[in-house]
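Every number for a ligand or one of its atoms is a count from 1 in the order of the listing. All values below come from the heavy atoms of this structure, side chains included, with hydrogens, waters and symmetry mates left out.
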Amino acid sequence: MTEYLDISISSQWTIYLLPVLGFLLGIFLARRRFKKQKKQLRFSNDYFQGLNYLLNDEQDKALDIFIKLVETDWETIDTSLALGTIFRRNGEIDKAIKLHQNLLARPSLPAEYKATVLIALAKDYLQAGWLDRAESLFKDVVGDAEFTSEAQKCLMSIYEQEQEWENAINIARRFQSRGAKSLSATTAQYYCELSLQVFNQNDLKEAEVLATQALTVNKDCVRASMLLADIAITRGRYQKAIRFLHQVEIQNIQLFPLVVEKLVLSYRNTSNLNKALSYLRNLDQKYQEVSLVPVITSLTSEMFGEEDALQYLSEAVLRKPSLKSLSTLLKLQTTEIDQFDNLISTVVEAITSKNYDFQCERCGYSANTHVWLCPSCHGWSSMIPKVH
Ligand SMILES: [Zn+2]
């Protein structure tokens, strides 16, 4: 009976209490919403203040605000990262490093941002020239699938700068096995660098192994064929050298001018200049490569006399007029004709020598000597002989 009374009393209380509780809950929720809005408003003011500092070029003050902001609201981290990028691009590496180290030091840094901040800091180190520190950070994030290709590119760039070709090969192979974009052309260049190193130390056997490896990785690697030809020439095996140099026609005809002299030398040493001339004339017909004209002219002159050379050259100049051919033509004629032609020859020579001989296909960088790695855009094998 007592129990029954208790229950009935509680039910009665509940009837009266419910509206009161509802009312109190309403007030509580409203206050919470108001507080939150107030907080967001404060964030927005700080945020805009930070942006204002940025616009007024007061980046130090902006840096302080964004670092504070990020602590209370990680959603502003993108702005902080953008600020870091601005610092790095402006060459203010110390500020970029301070910002990124600050972010990393916060225990509350959400796990999903950690790799992004690490990559950003590693890029700062890279730009500052602290390659060892950069390398160890990139290695930390290399396992993070989302950052695979970015970390890989940065690591490869570090190894290229440090000329640590074996490390570069390992990274390239590792990422290629994970289905990254084909890195075979780049990997082949790394093998060529290694091959060249041992070639210069007179270790022809190892140089051959490495250059062959380069060709296995990328059958179109002109540099590897050239290295193998150089090794064969050093050993006096000219027939073998000729075979490697012929490959360049298939690999990249634009780079053929790089090997033409070695090819003639090899044919000369096998007493087969006839074959050299017919091979080069055949190429000339096929590709109309003006850089071949002077070599063919000189070979024709050597073997069949000046008259035949002149006839070939006149045809070549008319077929594809170029300063190079004209210059060759004038040079050939000066042995017979007067001083006036000499003058023209000098002028034309001056024009052709003013022009750069090689140009990067990717970025347009020009140079007088051929290099395999473009110093401007860091593209491998992008420098090709320029037609004048
Ligand atoms: Zn370039």
Side-chain angles (χ1 to χ4, degrees), residues 85 88-91 93 119 122-129 131 134-135 138 149-169 171-173 175-176 180-197 211 214-215 217-227 230 247-262 287 289-292 322-324 351-388:
T85 309
R88 193 189 313 121
R89 282 204 190 131
N90 289 346
I93 302 294
I119 286 259
K123 281 182 177 174
D124 299 338
Y125 288 155
L126 192 58
Q127 195 166 317
L131 299 184
E135 182 189 347
F138 283 127
S149 89
E150 201 171 4
Q152 159 234 321
K153 271 187 211 150
C154 294
L155 262 176
M156 276 166 57
S157 141
I158 290 175
Y159 294 139
E160 279 179 13
Q161 285 180 57
E162 290 183 328
Q163 307 204 333
E164 290 181 15
W165 307 114
E166 271 157 11
N167 282 339
I169 290 170
I171 286 290
R173 297 212 137 197
F175 285 98
Q176 194 143 12
K181 198 180 124 245
S182 175
L183 294 167
S184 49
T186 311
T187 312
Q189 288 286 340
Y190 296 156
Y191 277 113
C192 287
E193 290 284 350
L194 283 175
S195 169
L196 186 65
Q197 271 176 10
L215 266 190
V217 173
N218 175 25
K219 66 176 174 35
D220 290 329
C221 183
V222 171
R223 194 185 185 184
S225 297
M226 284 172 71
L227 275 164
D230 283 344
Q247 288 179 347
V248 178
E249 183 198 340
I250 318 290
Q251 292 168 324
N252 185 356
I253 188 65
Q254 285 181 304
L255 292 179
F256 199 82
L258 291 178
V259 302
V260 75
E261 275 178 29
K262 272 176 198 159
Y287 304 103
E289 205 28 83
V290 293
S291 51
L292 294 177
S322 73
L323 282 179
K324 203 157 208 146
I351 297 169
T352 46
S353 63
K354 256 188 193 168
N355 287 312
Y356 290 109
D357 289 332
F358 299 96
Q359 189 170 36
C360 174
E361 273 186 310
R362 285 172 48 177
C363 73
Y365 172 85
S366 298
N368 280 322
T369 47
H370 180 264
V371 284
W372 291 104
L373 179 64
C374 170
S376 171
C377 69
H378 303 289
W380 284 102
S381 201
S382 59
M383 298 283 282
I384 54 160
K386 228 168 119 179
V387 176
H388 298 307

Any idea which heavy atoms bring R362 and S382 closest together, and the distance? CD-CB, 4.1 Å
How far apart are the closest heavy atoms of I158 and A134, and which atoms are they? CD1-CB, 3.8 Å
Would you please name every residue forming a salt bridge (Lys or Arg N to Asp or Glu O under 4.0 Å) with E193, sequence neighbours left out? R223
For A122, give me all partners under side-chain contact (heavy atoms from CB on, under 4.5 Å), at least two apart in sequence or on another chain. L137, F138
For E160, side chain to side chain donor-acceptor pair (under 3.5 Å) partners two or more places apart: Y190, W380
Ion pair present between D357 and K386, side-chain N to carboxylate O less than 4.0 angstrom? no
Counting no waters, what protein N/O/S atoms lie under 2.8 Å from the Zn ion (ligand 1)? C360 SG, C363 SG, C374 SG, C377 SG
